[in-house]
Amino acid sequence: MTALAVAPGVTHWPGYLDPAEQAALVDELREVARQAPFFTPRMPKTGKPFSVRMTNCGSLGWVSDEGGYRYQPSHPETRQPWPAMPLRLLRAWEELAGYPQPPQACLINFYEPTAKMGLHQDRDEEEFAAPVLSLSLGDTAVFRIGGTVRGGKTISLKLASGDALVFGGEARLAYHGIDRILAGSSSLLPQSGRINLTLRRVTKPPV
DNA sequence: GAGTCACT
DNA sequence: AACA
């Protein structure tokens, strides 16, 4: 498996999941979404809806609404605990994250072909020593990542179905986002669009 | 004056 | 289509 060093702290693994694993993972995510339905997050203060829909698995899930960005142990609408993280995701974390503790949160974002994600930092966690692991399923996304200051230089790369991307170390707080979804570039999903999984360690491990 | 902007 |  080829690891591409995209930038310091940023590694891209094209085709990390083979097609059979991708299909099996989609099946597992379908079950997650049955227990924890996709919801539409909203921007803090303004309440403006995101263009992506999301759900989570793991002990904590990332949510956003008028009250702000936060991690919480239960679904914001059903109030049920998030479903367990599929073992396949825990294995991917063990293999790629280089962090001794398991991930606590897996955010599942669904991008319709018109959905975008503006440049932002993942900084709602308390543990920045752990990297962020991203897995892509379905249509290819045009991903952009820069440095830790807004307005700095950025680079663009395409994330295809099965690709893994890890950003940690000096890139842990890098600004990143999704410029565009290339509709119809994959036939993994029954509809066009993309699923992105982001696995994160939220709290510092107990000493 | 920034923003998970909004548009060109 | 990518970039700014």
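Side-chain atoms are counted along with the backbone in the values below, which use heavy atoms only and exclude waters and symmetry mates. Per chain, numbering begins at 1; letters A, B, ... match sequence-line order.
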Can you hop from [X] to [Y] via hydrophobic side chains spaced under 4.5 Å?
X: Leu173(A); Y: Ile178(A); answer: no
X: Val149(A); Y: Phe167(A); answer: no
X: Leu137(A); Y: Leu182(A); answer: no

Open item on the list: Enumerate the side chain to side chain donor-acceptor pair (under 3.5 Å) contacts for residues 39-48 of chain A, please, sequence neighbours excluded, ordered by first and then second residue.
Closed with: Arg42(A)-Glu66(A)
Task: side chain to side chain donor-acceptor pair (under 3.5 Å) contacts in which one or both residues fall within residues 147-167 of chain A, not counting sequence neighbours - done: His12(A)-Asp163(A), Gln22(A)-Ser161(A), Arg144(A)-Thr154(A)
Task: Modelled atom types, side-chain donor and acceptor of Trp62(A) and Asp124(A), under 3.5 Å - done: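 There is such a pair (donor and acceptor under 3.5 Å, judged by atom type) between the side chains of Trp62(A) and Asp124(A).
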Task: Secondary structure of DNA chain B in dot-bracket form (Watson-Crick or G-U wobble, distances below 3.5 Å, | marking inter-strand pairs) - done: .......|
For [Y], does its backbone N or O pair with a side-chain atom of [X] as donor and acceptor, under 3.5 Å?
X: Thr55(A); Y: Ile108(A); answer: no
X: Glu125(A); Y: Glu127(A); answer: no
X: Gln121(A); Y: Tyr175(A); answer: no

Open item on the list: Tell me which residues in residues 50-73 of chain A lie within less than 4.0 Å of DNA chain B, going by non-hydrogen atoms.
Closed with: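 Contacts with DNA chain B under 4.0 Å: Trp62(A), Tyr69(A).
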Open item on the list: Does anything in residues 88-135 of chain A form a ring-ring contact (aromatic ring centres under 6.0 Å, His included)? List the pairs, not counting sequence neighbours.
Closed with: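 Qualifying pairs: His120(A)-His176(A).
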TODO: Return the set of residues passing side chain to side chain contact (heavy atoms under 4.5 Å, CB included) with Asp18(A) (not counting sequence neighbours), or none when no residue passes.
DONE: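 With neighbours one apart ignored, the set is Ala20(A), Glu21(A).
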- [ ] State which residues pass side chain to side chain contact (heavy atoms under 4.5 Å, CB included) with Ala3(A); sequence neighbours excluded, sorted by chain then number.
- [x] Thr11(A), Trp13(A)
Task: Selection: residues 119-130 of chain A, any non-hydrogen atom under 4.0 Å of DNA chain C - done: none
TODO: Check each residue of residues 143-160 of chain A for a non-hydrogen atom within less than 4.0 Å of any atom in DNA chain C, then write out the ones that pass by number, or none.
DONE: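 When residues 143-160 of chain A is checked for heavy atoms under 4.0 Å from DNA chain C, the hits, listed by number, are Arg144(A), Ser156(A), Lys158(A).
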Task: Crowding at CZ, Arg123(A) (>12 non-hydrogen neighbours, <6.0 Å) - done: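 Atom CZ in Arg123(A) is not packed in, count stays at 12 or less.
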Task: Gap between atoms NZ and C1', on Lys116(A) and dA4(C) respectively (whole Å) - done: 16 Å
Identify the pairs formed between an N or O of the protein and an N or O of nucleotides 6-8 of chain B at a distance under 3.5 Å, and give each distance.
unit_1, atom_1, unit_2, atom_2, d
dA6(B), OP1, Lys48(A), NZ, 3.4
dA6(B), OP2, Lys48(A), NZ, 3.0

Identify all side-chain donor-acceptor contacts of residues 199-207 of chain A below 3.5 Å with residues at least two apart in sequence or on another chain.
unit_1, atom_1, unit_2, atom_2, d
Arg200(A), NE, Asp122(A), OD2, 3.0
Arg200(A), NH1, Tyr71(A), OH, 3.4
Arg200(A), NH2, Asp122(A), OD2, 2.8
Arg200(A), NH2, Thr198(A), OG1, 3.4
Arg201(A), NE, Gln104(A), OE1, 3.4
Arg201(A), NE, Thr203(A), O, 2.9
Arg201(A), NH1, Pro102(A), O, 3.0
Thr203(A), OG1, Gln104(A), OE1, 3.3
Thr203(A), OG1, Gln104(A), NE2, 2.8

Report, one line per pair, each donor and acceptor closer than 3.5 Å where one atom sits in a side chain of residues 186-195 of chain A; sequence neighbours left out.
unit_1, atom_1, unit_2, atom_2, d
Ser186(A), OG, Leu188(A), N, 3.0
Arg194(A), NH2, Ser136(A), OG, 2.8
Arg194(A), NH2, Asn196(A), OD1, 3.1

